[in-house]
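One-based numbering, in listed order, for ligands and for the atoms of each.
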Amino acid sequence: MTSPEPTPFSVVLRTASAAEHEAAESSSFMGHLLNGRLGVEAYAELSGQLWFVYRALEGRAAELAEHPVIGPFIDPALFRTAALEADLLHLRGADWQAGLTASPATAAYVARLEQLIDTWPAGYLAHHYTRYLGDLSGGQIIRGIAEKTWGFEKKGPGVHFYVFEQVENPAAFKRDYRSRLDAAGEALDEVERRRVTDETKKAFALNGAIFSDLDLRYPLSA
Ligand code: HEM
């Protein structure tokens with residue numbers, strides 16, 4: 001008797017995090033952003049918080065590129081730090097770094113990323129997947145809304161973060177990314193697959209905490 005084919009890891013991650021995705025999408029902060037009701041200063045602050053996150057995600061890419069599981073995912077075409085810096089220059093001016101601090105939620109996310117890179121690089125995959133596949137998907141919806149709500153030039157300063165200049169065909173890129181996820185899943189044992197799956201849910205929760213924090217700092221005035 002042949003054993004049934006295991007579920008591809010890309011499907012495992014998507015299915016396991018579906019409820020968390022739904023929660024992120026329908027969070028109060030994202031809801032206000034999607035409704036076009038958020039002030040541009042809240043959007044600028046989101047970009048600032050993301051800068052801390054992406055610095056941690058990308059700052060040690062050279063080290064991670066050597067890792068057998070993570071290496072195939074490290075791709076400069078995805079890097080967002082420089083795009084965020086260009087956006088922040090537009091949104092906050094030349095001294096954009098002055099007064100920009102990581103919120104407690106952002107600091108906790110950064111600390112988790114650092115900890116994973118130091119102690120369990122395979123767990124980093126959960127965050128790579130959650131952020132970049134999200135940016136290539138829902139991020140495109142957010143870009144359109146940001147352009148419309150605050151009048152940013154289409155794909156211009158303010159929304160560079162959401163524009164992947166070096167990814168010509170996002171749908172094809174995502175297909176290829178999912179096959180890399182499937183291969184990574186085959187290289188991991190059952191326990192590790194389970195741990196990465198749990199870490200993916202945690203990644204959504206850490207992102208959700210950043211939104212909750214922003215929601216408190218930028219309440220809508222009815
Ligand atoms: C405004 C809120 C959001 C909207 C409208 C949205 C929308 C979408 C859509 C339409 C897809 C499917 C795209 C496709 O299959 O090609 C998707 C996928 C995804 N989104 Fe979101 N999203 C939002 C927020 C988020 C957030 C906050 C995160 C994480 C931080 C996230 C992470 C992901 C991931 C990882 C996928 C890929 C799922 C998979 O196919 O494996 N999304 N999103």
Side-chain angles (χ1 to χ4, degrees), residues 7-38 42-43 45-58 70 73 75 78 80 83-84 103 105-106 108-110 112-113 116 123-150 152 159 161-164 167-185 193 196-215 218 220:
T7 309
F9 198 45
S10 60
V11 177
V12 170
L13 292 186
R14 186 199 302 141
T15 312
S17 61
E20 284 76 6
H21 184 272
E22 173 71 31
E25 217 179 322
S26 56
S27 68
S28 173
F29 185 78
M30 275 294 144
H32 294 154
L33 195 157
L34 293 176
N35 289 337
R37 297 179 61 207
L38 217 58
Y43 175 79
E45 188 59 26
L46 170 64
S47 304
Q49 297 305 313
L50 289 174
W51 177 72
F52 291 104
V53 171
Y54 280 81
R55 250 192 352 170
L57 261 181
E58 297 169 356
I70 301 303
F73 292 89
D75 180 349
L78 292 174
R80 300 288 83 205
L84 279 167
S103 71
T106 301
Y109 194 3
V110 167
R112 181 62 181 158
L113 289 168
L116 289 172
Y124 167 94
L125 179 57
H127 297 271
H128 194 280
Y129 161 75
T130 304
R131 282 301 339 173
Y132 293 114
L133 229 54
D135 299 333
L136 284 162
S137 307
Q140 301 312 302
I141 299 168
I142 296 173
R143 175 174 64 79
I145 288 168
E147 289 165 353
K148 205 168 132 209
T149 309
W150 301 296
F152 300 129
V159 291
F161 172 69
Y162 299 101
V163 183
F164 288 83
V167 176
E168 266 177 42
N169 180 340
F173 187 95
K174 283 195 275 184
R175 268 196 305 278
D176 178 66
Y177 189 97
R178 290 189 182 106
S179 47
R180 276 179 275 159
L181 278 179
D182 295 343
R193 276 197 296 276
V196 174
T197 306
D198 289 344
E199 186 66 28
T200 302
K201 297 186 198 189
K202 193 165 184 168
F204 273 92
L206 287 163
N207 278 283
I210 295 179
F211 300 153
S212 302
D213 174 82
L214 287 169
D215 196 43
Y218 297 93
L220 288 188

* Side-chain contact, heavy-atom cut-off 4.5 Å: V159 with I142? -> no
* To do: Identify which of R131, K174, H128, R175 has a heavy atom lying nearest to atom 14 (C) of ligand 1.
  => K174
* At a cut-off of 2.8 Å, list the protein N/O/S atoms near atom 21 (Fe) of ligand 1, residue plus atom name. => H21 NE2
* Asked: With a 4.5 Å heavy-atom cut-off, do V11 and R178 have their side chains touching?
  -> no
* Structure fact -> Per-atom filter on ligand 1: closer than 4.0 angstrom to a heavy atom of R178 are 15 (O), 39 (C), 40 (O)
* Any atoms of ligand 1 less than 4.0 Å from a non-hydrogen atom of M30? List them with their elements. => 1 (C), 2 (C)
* Measure the distance from atom 28 (C) of ligand 1 to every protein heavy atom, then report the residue, atom name and distance (to 0.1 Å) of the closest one. => F204 CE2, 3.8 Å
* To do: Check ligand 1 against T130 and write out every atom of the ligand that is under 4.0 Å from a heavy-atom position of the residue.
  => 29 (C), 30 (C), 32 (C), 35 (C)
* Asked: Between the main-chain N or O of T106 and the side-chain N or O of S103, is there a donor-acceptor pair closer than 3.5 Å?
  -> yes
* To do: List the steps and the verdict of ring pair (Phe, Tyr, Trp, His ring centres under 6.0 Å) for F9 and Y129.
  => CA-CA 12 Å; F9 198 45; Y129 161 75; 8.7 Å; no
* So between F211, Y177, Y132, Y129, whose heavy atom ends up nearest atom 35 (C) of ligand 1? -> Y129
* **Per-atom contacts of ligand 1 with I141, taking only distances under 4.0 Å to non-hydrogen atoms** => 5 (C)
* Test the R131-Y124 pair against the cation-pi criterion, namely NZ or CZ under 6.0 angstrom from the six-membered ring centroid and within 45° of the ring axis. => no
* Contacting atoms of ligand 1, where contact means under 4.0 angstrom from a heavy atom of L34 -> 1 (C)
* Asked: Counting N and O atoms only, with roles assigned by atom type, does the side chain of H32 sit under 3.5 Å from a partner on the main chain of L220, one being a donor and the other an acceptor?
  -> no
* **Heavy-atom side-chain contact between L38 and W150 under 4.5 Å** => yes
* Could you walk me through whether F204 and F211 pass ring pair (Phe, Tyr, Trp, His ring centres under 6.0 Å), step by step? => CA-CA 11 Å; F204 273 92; F211 300 153; 9.9 Å; no
* Would you say N207 and ligand 1 have an N/O pair spaced under 3.5 Å apart? -> no
* **Geometric cation-pi criterion R80 and Y162, 6.0 Å radius, 45° cone** => no
* H128 and L78, any side-chain heavy atoms less than 4.5 Å apart -> yes
